[in-house]
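Following: one structure in structure tokens, then a few remarks.
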Protein chains: 2
Amino acid sequence: MAAPKNILFIMFDQLRWDYLSCYGHPHLKTPNLDRLASKGMRFDRCTIQSPLCGPSRMSTYTGRYVHSHGASWNNVPLKVGELTMGDHLRDLGMGCWLVGKTHMAADAEGMRRLGLEQDSVIGARVGECGFDIFERDDGMRPEGPDGLYDEGGALKYNEYLRGKGYESDNPWHDYANSGLDDDGNVLSGWFLENSDRPANIREDDSETPYLTRRGIEFIEQAEGPWCCHLSYIKPHWPYIVPEPYASMYGPQDFLPRVASETERETDHPVFKGFQNAPIGKALARDDVREKVLRAYMGLIKQCDDQMGVLFDFLERTGRMEDTLIVVTSDHGDFMGDHWMGEKTFFHEASVKVPLIVYDPSPEADATRGTTSDALVECIDFLPTFVEVAGGDPAKLDHILEGQSLLPMLRGGAAPEREVVVCEYDYSSSPLAGRLGLHPDQSRMFMVANQDWKMIHFESGHRPMLFDLRNDPQELEDLGASAAHADVRARMYDHLHVWARRPAARTTMSNEAFVKERTLGAGRTGVLIGIVEETELPQELTAKYTGRKAKDMRGTTPGTPGE
Amino acid sequence: MAAPKNILFIMFDQLRWDYLSCYGHPHLKTPNLDRLASKGMRFDRCTIQSPLCGPSRMSTYTGRYVHSHGASWNNVPLKVGELTMGDHLRDLGMGCWLVGKTHMAADAEGMRRLGLEQDSVIGARVGECGFDIFERDDGMRPEGPDGLYDEGGALKYNEYLRGKGYESDNPWHDYANSGLDDDGNVLSGWFLENSDRPANIREDDSETPYLTRRGIEFIEQAEGPWCCHLSYIKPHWPYIVPEPYASMYGPQDFLPRVASETERETDHPVFKGFQNAPIGKALARDDVREKVLRAYMGLIKQCDDQMGVLFDFLERTGRMEDTLIVVTSDHGDFMGDHWMGEKTFFHEASVKVPLIVYDPSPEADATRGTTSDALVECIDFLPTFVEVAGGDPAKLDHILEGQSLLPMLRGGAAPEREVVVCEYDYSSSPLAGRLGLHPDQSRMFMVANQDWKMIHFESGHRPMLFDLRNDPQELEDLGASAAHADVRARMYDHLHVWARRPAARTTMSNEAFVKERTLGAGRTGVLIGIVEETELPQELTAKYTGRKAKDMRGTTPGTPGE
């Protein structure tokens with residue numbers, strides 16, 4: 001074992017923290033991830049920055065809050081000028097490669113303005129969120145009356161499938177994400193009634209094994225210190241999985257729904273609105289939830305099996321000894337809890353993600369197999385990687401808003417932070433329309449510590465509040481409780497210190513500001529408030545004293561004045 | 001008269017609003033600016049976004065708060081990617097040219113990263129805050145033991161002076177900004193004891209007439225619709241002016257100092273700290289204040305005379321009939337009021353600036369010669385210019401944080417705003433060092449409406465509060481008054497709505513977010529929460545239904561998991 005040379009940054013999509021056995025799932029056994037956890041450190045309080053793929057990922061890839069980078073929703077372009085993981089790591093001599101999903105939308109308008117061509121090296125990186133591309137696969141090739149959701153979605157994967165005999169104009173849909181009835185009709189995975197069917201694909205050709213192989217292919221050919229973002233598409237919807245996973249789990253394996261009748265009767269228009277979304281209503285039905293859970297659990301089991309394949313490869317090739325490995329997710333999935341589906345709210349099912357970090361260094365031996373309930377955020381990954389690559393995250397703390405986890409992994413202190421912050425922008429949702437909200441108003445903020453979680457609504461509706469110690473399932477909303485006014489006030493104070501932070505001040509380091517204090521402008525001749533030259537050391541006034549000039553006053557009279 | 005085709009955007013530097021006769025100065029007569037005010041509209045409550053050249057200007061040039069663009073102090077580079085006046089106006093077919101000062105520092109690191117060369121058209125604009133350069137002259141060529149403050153400062157102007165016989169390695173200092181004693185010794189304008197001496201330069205060669213001529217030269221050769229930012233250096237320090245202005249004003253003309261003994265005894269460490277800066281101590285002395293005022297008032301009188309020259313030219317050439325003219329300043333000058341000098345605090349002497357807007361359109365006839373006490377900010381100029389150039393500022397309200405003044409100029413409504421916000425970052429000051437503050441803590445925010453002005457200190461010190469209706473001179477700090485707790489709470493609410501605004505969300509318009517609400521992802525095939533296809537119109541499910549596939553399940557068994 002030695003200090004890690006490389007970084008393998010594995011992200012799943014929509015993977016709930018409590019659906020791994022190392023996090024306590026009683027029936028879904030994930031021995032491969034559990035094994036990594038036993039060799040590394042497992043984090044019990046890792047919070048994402050937004051409960052949606054795009055903004056969560058942009059925070060992870062920039063090390064900055066959504067309020068800082070601005071890509072607040074899927075397909076809101078990350079603006080040219082935001083520094084990414086790739087920018088920081090390449091500056092330190094480490095390559096930064098993508099295998100899989102980013103959900104990045106290029107800032108085409110910003111690129112046009114700056115004359116950046118998508119097919120230049122710099123332009124390609126700006127357009128791909130700073131990554132060099134081994135394979136980009138966002139795993140999404142939906143199509144509707146207005147055309148494709150993503151022109152570039154699953155292109156290579158579809159080509160792969162066709163090469164394997166999956167005949168279709170869109171094998172991603174027809175095979176990888178659909179079932180089949182006895183008459184040869186495609187049963188689309190978009191419809192939840194089909195979620196308990198086996199996907200019509202050889203397991204080996206489905207998306208998770210495919211990406212694992214692509215990850216291995218990357219590592220086999222990689223040179224120099226590298227960071228590989230192996231970014232899986234699953235267990236994200238469409239919820240459907242091939243055999244043997246499709247029939248692996250049944251009702252006896254399902255966790256009970258975490259929800260109460262009181263929640264259903266909430267008077268909170270925004271919370272109520274999210275419950276009433278189609279996915280909330282669908283997953284509020286036990287029959288639908290059970291169909292979906294079969295697929296979801298099967299997909300997770302498949303992910304864990306693929307981790308076994310990958311870790312075996314790493315061990316065989318020696319990479320396990322020189323590679324820092326991170327496994328996490330971009331957000332969770334309500335799966336019917338709190339009468340919601342998807343992830344676009346702030347309960348732990350959604351905003352808490354699994355995080356396992358394995359560091360091969362001998363310094364990390366002391367923490368192997370341990371867990372931590374420190375407040376960790378996804379913006380901490382990038383500072384961690386910067387430190388692994390030999391950089392000093394403290395020198396970048398005017399840009400990076402997280403903190404390195406490396407000290408902690410090696411027995412030192414956890415990040416110093418009083419609260420975690422998560423944001424969600426539902427400006428483009430029908431709910432915002434129904435509530436009559438301007439985009440500026442259809443946003444919400446979560447601020448939480450070990451004891452409390454408060455949700456602020458920019459719509460003007462009252463906050464929600466959960467007592468995490470005494471109500472870890474978050475079933476009782478104390479947002480209107482008079483007895484908790486002081487708690488809410490404290491949480492608002494935290495939110496506002498955060499909101500006022502100088503997040504845009506990224507072009508000058510804190511170190512440089514502090515250095516100016518002693519050097520001062522006087523060192524370059526700017527003298528302010530000096531009445532007589534004798535007030536200053538001669539060194540500072542040298543350029544202004546002992547000088548001679550001709551008398552030019554009045555040599556040609558001007559013609560000023562009224 | 002017709003709709004304005006061009007924009008002449010005149011900015012002075014460090015010009016106090018109350019030192020123009022149209023704003024009520026009893027002794028300093030500024031008939032040329034008063035004449036423009038009588039033909040246009042004069043604003044009584046125009047607030048800048050930061051009381052310092054660099055950040056104030058970056059807000060004016062981007063139409064965004066300092067908290068949004070991040071260039072929070074002089075020479076903090078404006079980051080690549082921030083859109084500027086030039087970007088917006090050129091998109092609308094209007095040129096955007098600079099004659100004079102911007103205090104822009106190029107984001108060299110950001111440009112390097114994006115491969116932008118300073119000598120390319122795009123690179124030059126990015127490096128020059130979006131302007132095309134007719135002449136840049138920041139009017140600063142100080143020199144100290146560490147070298148020049150600004151390598152490019154006053155280069156062309158120095159060349160001009162040398163061509164006129166001003167022999168020196170730095171005629172900007174030795175002639176334009178210094179006096180001379182009888183023995184031919186340069187008396188530097190940096191030392192305030194020399195401020196009442198005449199500058200050793202022919203009036204006609206000093207900086208203000210020089211820039212006026214350069215402005216006229218620009219206009220004479222300009223083609224197409226243009227915006228010209230004629231950006232004067234004066235009456236900014238060094239405080240010294242040539243004759244006849246040097247001996248034009250004396251004690252009988254000076255406004256009394258606005259200050260109280262109570263202020264001097266303040267218990268507020270930050271306010272006290274700014275009083276104790278060298279410039280505060282110097283201008284607290286009556287003798288120094290009087291020397292400086294002679295120069296300051298003379299410089300302003302010279303500015304007004306040059307406005308006469310310029311406006312005569314515009315009238316003679318017809319430009320007065322097709323050009324919108326704005327006259328303003330980047331901030332004021334305490335000039336010893338409140339025991340401070342310079343501008344780096346939040347009293348009206350500093351944060352309120354003169355603003356005169358002249359619109360040649362017939363629609364503006366109704367408002368000629370009127371004044372307004374509407375809450376206006378410097379971020380409003382750019383939206384105004386966008387509208388003059390034929391654009392719709394509402395379509396840019398995800399980027400531009402101000403509002404167009406054009407409706408108001410034409411008899412319509414004033415900007416809708418409850419408060420104005422101004423910020424100051426003293427991270428690099430010795431005071432921050434003495435108080436032991438991290439850069440994040442050495443910042444302050446002002447939030448004000450027609451009635452109240454509150455100052456929040458990120459250092460943790462108590463706020464300051466002024467009752468603007470009953471104490472317009474801002475002599476009584478109510479920041480600790482128990483009777484005003486509710487006022488402070490309301491002002492904090494305003495500050496925090498502002499701090500939480502989505503300022504970084506600049507790559508997608510509010511219109512586009514709202515449009516998504518009705519179109520939805522379903523139009524491109526993303527179906528979430530649909531149990532059966534029959535729940536949706538056939539149009540939305542067409543790509544997923546009625547499809548056939550081969551049975552691929554189990555054709556080659558996979559080898560998954562345990």
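Here the shortest heavy-atom pairing between A:K79 and B:A504 reads NZ-O, 3.0 Å.
B:K548 places a side-chain N or O within 3.5 Å of a backbone atom of A:D183 that can act as its donor or acceptor partner. Remark: the backbone N or O of B:K550 is paired with a side-chain donor or acceptor of A:Y175 at under 3.5 angstrom.
Note on residues 517-528 of chain B: pairs passing salt bridge (charged side-chain N to carboxylate O under 4.0 Å, His left out), not counting sequence neighbours, are A:D146-B:R523, B:R523-B:E539.
Comparing A:H398, A:M508, A:H173 by heavy-atom pairs within less than 4.5 Å of chain B, the highest count is held by A:H173. Contact tally against chain B (heavy-atom pairs below 4.5 Å) for A:L527, A:I122, A:I279, A:N200: the top residue is A:N200.
Between A:Y544 and B:F191, the two ring planes are perpendicular [angle over 60°; tilted spans 30° to 60°].
To the nearest 0.5 Å, atoms CD (B:E516) and CG (A:N75) are separated by 8.0 Å.
Side-chain contact between A:E193 and B:V531 is present, with heavy atoms from C-beta onward closer than 4.5 Å.
Annotation: salt bridge (Lys or Arg N to Asp or Glu O under 4.0 Å) contacts of B:R501 (sequence neighbours excluded): B:E401.
Contact annotation for A:K291: neither backbone nor side-chain heavy atoms come within less than 4.5 Å of a heavy atom of chain B. For a residue to count as touching a neighbouring chain, one of its non-hydrogen atoms must lie under 4.5 Å from one of that chain's; by this rule A:D425 touches chain B with the side chain only.
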